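This structure is a prediction, so every number in the text was calculated from the model and none was measured. Start at 1 and go down the list; that is how both ligands and their atoms are numbered.
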Amino acid sequence: MLGYRFIGAALAAASFAALPSAGVAQQKMVLKATDVHALGYPTVEAVVRMGAKLEKATKGRLSIQMFPAMQLGGEKEMIEQAQVGALQFARVSSGPLGPVVDEVNVFTLPFMFRDEAHMRKVIDGPIGAEILAKITAHPSAGLVGLAWMDGGTRSVYTKRPIKSPADLKGLKIRMMGNPIFVETMNAMGGTGMSMGFQELYNALKTGVVDGAENNPPSLLTQNHYQVTKFYSLTGHLILPEILLFSKKTWSGMSKADQDLIRKYSREAQFEQRKLWDAFVADSNAKLKAAGVQFVEVDKKVFYDATKPVRDKYGAKYAALMKRVEATK
Ligand code: GTR
């Protein structure tokens, strides 16, 4: 409790130090950034590199201080801290953002994208820009949508192979905090349990959950593979990740600084992707070397099983979903 309050106080705002007789545009600012992943992970590295560019372009007036590895809590907490201006950059999954900005949920539906190339086309193009603008324009979210990042494809991992919904029966599978994901897992045959990423390793280890689902880099870097040796390639979610900024801080910045941050964020989107592709290949190799078994799955069965979830949550976004589907 005390520790948390201490962090809260320490982060009460970006550090501002006005230069002598300078206006808003000239304030020196240390922008706080956070991510659940550790230094070196592609999403973290892309933001760290962006910090170096910002610092160079502004001769040190703007810089980024990275708090990696869940130092500031899980993604729900990260979003809340960005909302109050206690931090500036929050790199989170679309998953926990869906409950805050509903349109984002279009990206969180199971089997929404045909493959990763399709997802990239969508986030790089007009639909991606539109959803970022919706986040920024949301009247109470208190966030600015800056850029998308690649979160690859998520599949189920447990202590046994999963080939069909029947194999998931009776298994508690951790999902991210968004009702869509819990319902997705239930539709896939298991029992979805929503839980923060920060609690997951222990939950797997102690058997509070029987498994989880994620991309290969997370399975590896969070050490989940040490507990769950079967990676069943359900590929039920191809889930974009996102770089958010605190609207509270944003609104006090000059247009020129905002433009600079937007420009470098867009560059970070593509820089992260390059790092991501290499990181996924490396993670797959390491997982296999560690004895993790990759289980081929007939995805069609899970696709069909999750239709009710797409129907239920997608109905109000039918037009948008059609446009996503039509993106080639
Ligand atoms: C990772 C993702 C994180 C977070 C995490 C989770 O793949 O990079 O942003 O969403 O999964 O499952 O909570």
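Residue contact annotation: Arg91 has a non-hydrogen atom under 4.0 Å from ligand 1. At least one heavy atom of Ser218 lies less than 4.0 angstrom from ligand 1.
Taking the six-membered ring where the residue is Trp, Tyr201 and His224 present parallel rings, their angle staying beneath 30° rather than reaching 60°. Note: Tyr231 and Phe294 have perpendicular aromatic rings, judged against thresholds of 30 and 60 degrees for the angle between ring planes.
Between the side chain of Thr136 and the backbone N or O of Gly145, at least one donor-acceptor pair lies under 3.5 Å. The backbone N or O of Arg160 sits less than 3.5 Å from a side-chain atom of Thr158, completing a donor-acceptor pair. Here the side chain of Ser63 pairs no donor or acceptor atom with the backbone of Gly60 at under 3.5 angstrom.
Remark: Lys76 NZ is loosely packed, at most 12 non-hydrogen atoms of other residues, nucleotides or ligands lying under 6.0 Å away.
Summary of contacts: the protein heavy atom closest to atom 2 (C) of ligand 1 is Glu241 OE2, 3.0 Å. Considering only non-hydrogen protein atoms, atom 13 (O) of ligand 1 sits nearest to Arg174 NH2, 2.9 Å. Looking at atom 4 (C) of ligand 1, its nearest protein heavy atom turns out to be Glu75 OE2, 3.4 Å.
Residue His138 is tested with Val101, Asp102, Val104 for a side chain to side chain contact (heavy atoms under 4.5 Å, CB included); the sole match is Val101.
Contact atoms of ligand 1 toward Phe197: 5 (C), 6 (C), 12 (O), 13 (O) (distance under 4.0 Å to a heavy atom of the residue). Counting atoms of ligand 1 from 1 in the listed order, those under 4.0 Å from a heavy atom of Met176 are 6 (C), 10 (O), 12 (O), 13 (O). For ligand 1 and Ser93, the ligand atoms under 4.0 Å from any heavy atom of the residue are 9 (O), 10 (O). For ligand 1 and Asn215, the ligand atoms under 4.0 Å from any heavy atom of the residue are 7 (O). The His37 neighbourhood of ligand 1 comprises atoms 1 (C), 2 (C), 3 (C), 8 (O), with distances under 4.0 Å to a heavy atom of that residue.
When Asp35, Thr43, Asn214, Ile242 are ranked by how near their heavy atoms come to atom 7 (O) of ligand 1, first place goes to Asn214.
Considering backbone and side-chain N/O atoms, Tyr41 never comes within less than 3.5 Å of an N/O atom of ligand 1.
A cation-pi arrangement is present between Arg310 and Tyr303, with the terminal nitrogen or guanidinium carbon under 6.0 Å from the aromatic centre and inside a 45° cone about the axis.
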